[in-house]
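The next block holds one structure in the form of structure tokens; read it before the comments.
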Amino acid sequence: MLHDLITITPRHENAARLILDRIMELRAEKPSEKMMITISGEVGSGKSTISVVLGRMLKKRNIRTKILDLDDYYKIPPLERRKWRLEKGIESIGYDEYDWDRVNQNITDFKHSRTSSLPCVDLITGYVDELITNFKGVDILLINGLYSLKIEDAALKVMIELTYDETTEAQRYSQKEDLDTYRLAVLQREHEVVQSLKSKADFYIDFDQSLFHL
Amino acid sequence: MLGDVLLITDKHRAAGKKILDYLLGHPKEKMVVAISGESGSGKTELAHVIAKALRKEKVFAKPIHTDNFYNTHPLLRREWRIKNGIQNVVGYNEYQWDAIDAVLRAFRAGEVVQMPCVDLVTEQVDQLTTDFENIDMLILDGLYAIKASDIDVRVFIDLTYLQTKEKHTKDARGKEVMDEVRWEILGREHQQVSELKHLANLIVTADYDVVEQNKQ
């Protein structure tokens, strides 16, 4: 994802530190193994910011992390999505909107340390670029996205529990998209789908309290 | 550039609005805008707010950062600079200007182009393929961006690294280790960047006002 507005707060750092500790525990068990981690949570819960903070913390420990944002994998590109969703109805919104074949292809390339071609949305233009990356030397694949809990074989599945004040959430997210009644209905539907996947997580973070439980 | 952290504040938005008005008042098809200024002066933030504001005016602008085009790999640059002497090598010639020119040409022609794209988290250089067909404006930001050939509007942020010292010391952006070497690099860049000020059409002053250079 290009031109995502990443602004780090101490809350993001606290959340990232909790995930980092858990990753270091897992790596102590299997030190040299490539590892896949997912971070899910509601829209505006801080997934992408936490991912960047976590990636930087891991970098300081000489662990290379590539971040995949599932927002890059929608079958319908951003500029056409609203119209498509209006035609298909609110029930069309959910994890089937992702191009899972593409996600799985990129995951396979990571596991085999291969060069891979990834979709990459430019959030300013709304167009989808292509990104060629080499997974050789990348230790961790960090996948963040609303429905990343659908990826069953991740070594760690983190869920960011949204207890964020709703106004703050709306304001933060409005940097990406304009909010209106239809958008709010979309958010509600996405919320329901995310909640339906919640039990798949194995690590929960309460963003407000920086508490976590297994 | 992937994984970059921006610190956008009201001053960026205010200056961005003034630059936006200037750009809308000087319309041109396939316009290239360049923003130069020292490290920490807010180039990328400014490019971001301008591009965002242009979208609201139905103008599709793509920001591109010249830091993606260094000759040296991110992980090797520091050692390379020390080995060859900071005073000798830090500057304009560290960039692949041929590649930057190729991107500008592709933009003008509305073609597909591949360019380097640094991931600040992996510290690798990925390759980004983009289609310029529907892109109306390109905003090139970087230390020496306004020196590139074939730029329509040149913006210079008149703020030195010493005036933004706190930003570097606090490591808020987590980009590079701050030590004597880094300070020397910033000092050298300061000399090099200052020489470009006369090229600018628009100057963003130290207090983030925007003035036209010939009207100063």
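Here is the naming used below: chain letters follow the sequence lines, and residue numbers restart at 1 for every chain. On a predicted model such as this, the values are computed, not experimentally measured, just so you know. All values below come from the heavy atoms of this structure, side chains included, with hydrogens, waters and symmetry mates left out.
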Discussion item. Is B/L54 in contact with chain A via its backbone, its side chain, both, or neither, using a 4.5 Å heavy-atom distance?
Written reply: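 For B/L54, no heavy atom lies under 4.5 Å from chain A.
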Fill in: Region of B/A51 that comes under 4.5 Å of a non-hydrogen atom in chain A
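Both parts, backbone and side chain.
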With side chains defined as the heavy atoms from C-beta onward, is the minimum distance between [X] and [Y] less than 4.5 Å?
X      : Y      : value
B/L2   : A/C120 : yes
A/L5   : B/K52  : no
B/V121 : A/I67  : yes

Worksheet entry | Leading residue by heavy atom contact count with chain B [cutoff under 4.5 Å; candidates A/T125, A/V52, A/V128] |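 Maximum pair count with chain B is reached by A/T125.
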Worksheet item: What part of A/L142 lies closer than 4.5 angstrom to a heavy atom of chain B: side chain, backbone, both or neither?
Response: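 Contact with chain B: none, neither part.
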Item to complete: Taking all non-hydrogen atoms of both residues into account, name the closest pair between A/K136 and B/Q124 and its distance.
Response: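 Taking every non-hydrogen atom into account, O-NE2, 3.4 Å.
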Discussion item. Can you give me the closest heavy-atom contact between B/K62 and A/L2, atom names plus distance?
Written reply: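 Residues B/K62 and A/L2, closest heavy atoms: NZ-CD1, 4.1 Å.
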Item to complete: May I ask you to decide if the ring planes of A/H3 and B/H48 are parallel, tilted or perpendicular, using 30° and 60° as cut-offs?
Response: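 Correct class here is perpendicular.
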Can you measure from [atom1] ([X]) to [atom2] ([Y]) and round to the nearest 0.5 angstrom?
X      : Y      : atom1 : atom2 : answer
B/L120 : A/R56  : CG    : CZ    : 7.0 Å
A/I124 : B/I50  : CD1   : CD1   : 10.5 Å
A/I8   : B/L6   : CD1   : CG    : 10.5 Å
B/T129 : A/I132 : OG1   : CD1   : 5.0 Å

Worksheet item: Would A/L79 and B/F60 count as a side chain to side chain contact (heavy atoms under 4.5 Å, CB included) if you check the C-alpha gap in whole Å, the side-chain angles of each, and the deciding distance to 0.1 Å?
Response: CA-CA 12 Å; A/L79 297 172; B/F60 286 76; 4.1 Å; yes
Discussion item. B/L128 and side chain to side chain contact (heavy atoms under 4.5 Å, CB included): which single residue from A/D122, A/D129, A/T133 fits?
Written reply: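 The side chain to side chain contact (heavy atoms under 4.5 Å, CB included) with B/L128 is passed solely by A/D129 among A/D122, A/D129, A/T133.
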Practice prompt. Sorted by first residue and then second, give each salt bridge (Lys or Arg N to Asp or Glu O under 4.0 Å) pair with at least one member in residues 105-117 of chain A; sequence neighbours left out.
Written response: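 Applying salt bridge (Lys or Arg N to Asp or Glu O under 4.0 Å) to every pair that reaches into residues 105-117 of chain A, excluding sequence neighbours, yields A/D109-A/R114, A/K111-A/D153.
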Worksheet item: Hey, which of B/N134, B/D131, B/I135, B/I8 has the most heavy atom pairs under 4.5 Å with chain A?
Response: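 Going by pairs under 4.5 Å, I would pick B/N134.
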Worksheet item: Between A/K66 and B/D126, is the closest basic N to carboxylate O distance under 4.0 Å?
Response: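 Counted as a salt bridge, because a side-chain N and a carboxylate O are separated by less than 4.0 Å.
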Worksheet entry | Within residues 18-38 of chain B, residues adjacent to chain A where the heavy-atom gap is under 4.5 Å |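 Residues qualifying by a heavy atom under 4.5 Å from chain A are absent, so none.
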